[in-house]
Amino acid sequence: MSGKPEDGTEFEKRAREVLEESTARLDGRTLSRLTQARHAALGQLQRPVRQRWFAWIPAGAAAAAALAVIMWSGQGTESGSEPALSLSPAEDLEMLADAPEFVDEGEDLEFYEWAAGEVES
Amino acid sequence: MTALVTLAGVYNTPVFGIERSREQQLNSRALEQFLVSVEKRAFKIAQLGLRNDDDALDAVQDAMMKLVQSYGSRAEDEWRPLFYRILANRIRDLQRRRTVRGRFMAWLPTRDEENDEEIDLVAQAPSPELTPARRLELDEAIGALETAVAELPPRQQQAFLLRSLEGLDVGETASAMGCSEGSVKTHYFRALASLRARLGEVF
């Protein structure tokens, strides 16, 4: 008796046959309502989809941040990119000393020439 | 580049990746197949336990909802005993509720619910495969067996239906009923003895 009841007595076999026949005869209304019940139950699996959409927000933010870091850290290091515009401090000072038009009136040009000389030495 | 590889690795995990959605689809399909495979017999078990089609449908729907919601992620071979355990609990709850309601309603005027029910033409349509004689014989057998089963004590009824109709073995039935295998054997044996006494050896 510990196994499946298929190997039972005649009575058990007959009872099973009758119950199966009864189950097979379920009316259309009952079958329809069972289908509706099943769909309602499985519908619960679809409901979290909206939550899953929200779950992508932190993922998207993380991706955007990672992309920004990559772009920022890679700036000026790639061989194909434009050369950096900033000059060394000595070059800055030389430019200022050689191009007095960039210097506001009243500023001490001799100071810039001295400073450029100091940096070079 | 390393960062990109790391990022790709993160998004390839089951949490965010396509794998998860595919896994869910497969799980949903497997659950649907399981529910289709049990729903008719589950209804019959609930119907015999509750003797009311609407209550039986409610019990089956509740069991389906609970299984999907709480145990859908469990291994598939666990679903059947879990489903029938939930169903058995639901049937018992409805039986208790009905008993309590019956105590209050006993002294209130009642209406004849059977006269209010609509006639279901689909249910009354004859099955085309059966001869009238065979159909009559089965009708009588079904009526006699279902009446006898419906009058069994609840645990005997449950053991009998889970074993005979659903085809669960003793271990699965014990798991579904929340009792020992020894209890299942006792309930089943008593149910058979009672039905035999009422219906005859081969009815």
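Below, chains carry the letters A, B, ... as their sequence lines are ordered, and counting in each starts from 1.
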If you measure only the distance, is there a donor-acceptor pair under 3.5 Å linking the side chains of B:E146 and A:S22?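 Yes, side-chain donor-acceptor contact under 3.5 Å.
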
Pairwise distance [atom1]([X]) to [atom2]([Y]) - rounded to 0.5 angstrom:
X: A:E20; Y: B:I142; atom1: CD; atom2: CD1; answer: 11.0 Å
X: B:L145; Y: A:E21; atom1: CG; atom2: CD; answer: 12.5 Å
X: B:L35; Y: A:L34; atom1: CG; atom2: CG; answer: 10.5 Å
X: B:E166; Y: A:L19; atom1: CD; atom2: CG; answer: 11.5 Å
X: A:L42; Y: B:M64; atom1: CG; atom2: CE; answer: 8.0 Å
X: A:T23; Y: B:L165; atom1: OG1; atom2: CG; answer: 4.5 Å

So for B:D139, is it side chain, backbone, both, or neither that comes closer than 4.5 Å to the heavy atoms of chain A?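 B:D139 touches chain A through backbone and side-chain heavy atoms alike.
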
Lys/Arg-Asp/Glu bridge criterion (N-O < 4.0 Å) met for B:D53, A:R29: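 No, this pair does not count.
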
Electrostatic pair A:D27:B:K40 at N-O distance under 4.0 angstrom: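 No salt bridge links A:D27 with B:K40.
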
Heavy-atom distance under 4.5 Å to chain B: side chain of A:L26, backbone, both or neither?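 For A:L26, the side chain is the part near chain B, not the backbone.
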
For A:E17, is it the side chain, the backbone, both, or neither that has a heavy atom closer than 4.5 Å to a heavy atom of chain B?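 A:E17 touches chain B through side-chain heavy atoms alone.
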
Tell me the closest heavy-atom pair linking B:F160 and A:A15, and the distance in Å.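 Looking at all heavy atoms of both residues, the shortest contact is CZ-CB, 3.9 Å.
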
Can you tell if the side chain of A:L45 reaches within under 4.5 Å of the side chain of B:Q69, non-hydrogen atoms only?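 SC-SC contact between A:L45 and B:Q69 ruled out.
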
More than 12 heavy atoms of other residues, nucleotides or ligands under 6.0 Å from CZ of B:R190: is that the case?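 Atom CZ in B:R190 is not packed in, count stays at 12 or less.
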
In sequence, state the C-alpha distance, the side-chain angles, and the governing distance for B:R163 and A:E12, and then conclude on side chain to side chain contact (heavy atoms under 4.5 Å, CB included). CA-CA 10 Å; B:R163 301 266 292 126; A:E12 288 170 275; 5.6 Å; no

Ignoring hydrogens and angles, tell me if any N or O in the side chain of B:E39 forms a donor-acceptor pair with the backbone of A:R38 under 3.5 Å.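 Side chain of B:E39 to backbone of A:R38, a donor-acceptor pair under 3.5 Å: no, none is there.
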
Among the listed options B:L67, B:N27, B:L31, B:V36, the residue most often paired with chain A at heavy-atom distances under 4.5 Å: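 When all of B:L67, B:N27, B:L31, B:V36 are compared, B:V36 has the most.
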
Among B:Q47, B:Q61, B:R41, residue most engaged with chain A (heavy-atom pairs, under 4.5 Å):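 Ranked by heavy-atom pairs under 4.5 Å with chain A, first place is B:Q61.
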
Run the salt bridge (charged side-chain N to carboxylate O under 4.0 Å, His left out) check on B:E137 and A:R14 step by step: do they pass? CA-CA 13 Å; B:E137 183 205 337; A:R14 173 71 173 151; 3.4 Å; yes

